[in-house]
Amino acid sequence: MVVQVQEGLGRLTGTAPRTRPPGPRVLIATAVPAERDAVASGLSAPSGPAAPSGPAAPSGPGAPSGPAGPSSDSGPSGLPCGDRAPVVDLLVAGVGPAAAAAATGRALALAAAADAPYDLVVSAGIGGGFQPGAPVGSLVVADAVTAADLGAETPDGFLPVTDLGFGRVTHLPPPALVSALAAAAGAAVGPVLTVSTVTGSAARADALRARHPGVLAEAMEGFGVAEAAALYGLPVLEVRAVSNPVGPRDRDAWRIGAALAALTGAFGKFTPVIGKLAPVLESWNRHD
């Protein structure tokens with residue numbers, strides 16, 4: 001497997017580009033460099049779960065012209081014969097759904113223009129967990145990526161933008177990928193909300209639970225990444241490691257280090273899952 005790092009686009013590893021890799025091309029978008037490095041550390045492990053020894057530092061020259069081209073497999077992937085290791089690009093897209101959509105869209109456009117399109121887009125990072133379903137330090141793989149505050153406030157409560165006759169508020173990742181990755185990583189499966197304002201009170205947490213039964217986590221980028229992927233007809237995944245409970249803002253309860261270590265562990269399992277399920281990506285209906 002090859003991992004390439006974007007955001008100033010430093011290359012973590014790779015060899016001379018070629019026209020198309022044998023395995024799926026995957027773009028993983030994170031909000032900040034610490035999340036990117038945690039993901040890169042997991043992906044760089046030879047096989048199995050990554051040791052939580054800290055993020056790997058990118059190396060090599062920058063490539064400010066956009067996403068790096070595909071490269072050949074340069075090391076052990078932990079995949080059985082016949083499975084096709086993915087080529088992964090890591091992108092620091094910024095905080096919030098607008099920044100995430102813009103940066104992800106740019107990366108997808110540059111890849112398409114280079115005739116090296118992606119096959120899968122992943123939003124990854126840390127987030128808040130709704131208790132008790134997603135305790136601090138646990139992992140969540142989204143079966144629905146939902147914009148929780150895209151709509152209008154009314155005297156009777158919140159209305160999603162779809163109730164106003166516009167757009168959409170939810171993207172559904174491929175169930176086979178969701179279940180396989182969750183099983184491999186020991187993650188819970190459920191809706192993950194995208195918010196522009198992080199929840200800071202028990203009242204808002206309760207309101208979100210009431211509007212979104214079964215919700216497990218909230219973060220700030222998933223829906224933006226998913227919107228960009230949808231424009232290119234690509235499937236999306238969202239993976240969150242829980243750093244804090246959703247509710248009253250309490251910095252003392254945050255466990256960012258533990259969440260980043262869990263994120264590394266999750267992406268230590270990513271390569272075998274995506275390699276084995278490449279046919280799911282190939283059969284994805286780009287007009288869905």
For the residue pair [X] and [Y], what are the closest heavy atoms and their distance?
X: Val242; Y: Ala259; answer: O-CB, 3.6 Å
X: Ala228; Y: Gly105; answer: CB-N, 3.7 Å
X: Val225; Y: Ala29; answer: CG2-CB, 4.0 Å
X: Pro272; Y: Gly268; answer: CD-O, 4.3 Å
X: Ser196; Y: Pro97; answer: OG-CG, 3.6 Å
X: Ala262; Y: Ala241; answer: CB-CB, 4.1 Å

Output yes when a side-chain donor or acceptor of [X] lies under 3.5 Å from a complementary backbone atom of [Y], and no otherwise.
X: Glu227; Y: Phe223; answer: no
X: Arg204; Y: Val246; answer: no
X: Ser243; Y: Ile256; answer: no

Residue pairs involving residues 234-245 (criterion salt bridge (Lys or Arg N to Asp or Glu O under 4.0 Å); sequence neighbours excluded):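 Counting only pairs at least two positions apart or across chains, the salt bridge (Lys or Arg N to Asp or Glu O under 4.0 Å) contacts touching residues 234-245 are Glu221-Arg240, Glu238-Arg240.
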Verdict with supporting geometry, Val140 and Val239, side chain to side chain contact (heavy atoms under 4.5 Å, CB included): CA-CA 6 Å; Val140 175; Val239 181; over 6 Å; no
Are side-chain heavy atoms of [X] and [Y] found at a separation under 4.5 Å?
X: Pro86; Y: Thr271; answer: yes
X: Leu234; Y: Asp119; answer: no
X: Leu27; Y: Thr104; answer: yes
X: Thr264; Y: Val39; answer: no
X: Phe130; Y: Leu216; answer: no
X: Val121; Y: Ile28; answer: no
X: Arg209; Y: His212; answer: no
X: Arg249; Y: Trp254; answer: yes

Using the rule that Ile, Leu, Val, Met, Phe, Trp and Tyr join whenever any side-chain heavy atoms are under 4.5 Å apart, tell me whether [X] and [Y] fall into a single cluster.
X: Leu90; Y: Leu237; value: yes
X: Phe267; Y: Val189; value: yes
X: Val122; Y: Leu263; value: yes
X: Val195; Y: Leu150; value: no
X: Leu43; Y: Leu277; value: yes

Tyr118 vs Leu108, side chain to side chain contact (heavy atoms under 4.5 Å, CB included): CA-CA, chis, key distance, verdict: CA-CA 7 Å; Tyr118 290 101; Leu108 296 178; 3.5 Å; yes
Derivation and outcome, side-chain hydrogen bond (donor to acceptor under 3.5 Å, both in side chains), residues Thr199 and Glu218: CA-CA 8 Å; Thr199 299; Glu218 72 168 25; 2.7 Å; yes
Approximate separation, where rounding is to 0.5 Å, of [X] [atom1] and [Y] [atom2]:
X: Ser41; Y: Arg36; atom1: OG; atom2: CZ; result: 12.0 Å
X: Leu177; Y: Leu120; atom1: CG; atom2: CG; result: 6.5 Å
X: Asp89; Y: Leu110; atom1: CG; atom2: CG; result: 11.0 Å

side-chain hydrogen bond (donor to acceptor under 3.5 Å, both in side chains): pairs with one or both residues in residues 129-157, sequence neighbours excluded: Thr146-Thr170
Within 45° cone and under 6.0 Å: Arg211 NZ/CZ vs Phe158 ring: yes
Residues which pass side-chain contact (heavy atoms from CB on, under 4.5 Å) with Ala184, listed by chain and number, not counting sequence neighbours: Lys269, Val273
Criterion side chain to side chain contact (heavy atoms under 4.5 Å, CB included) on Val215 and Leu208, from CA distance to verdict: CA-CA 8 Å; Val215 63; Leu208 290 174; 5.5 Å; no
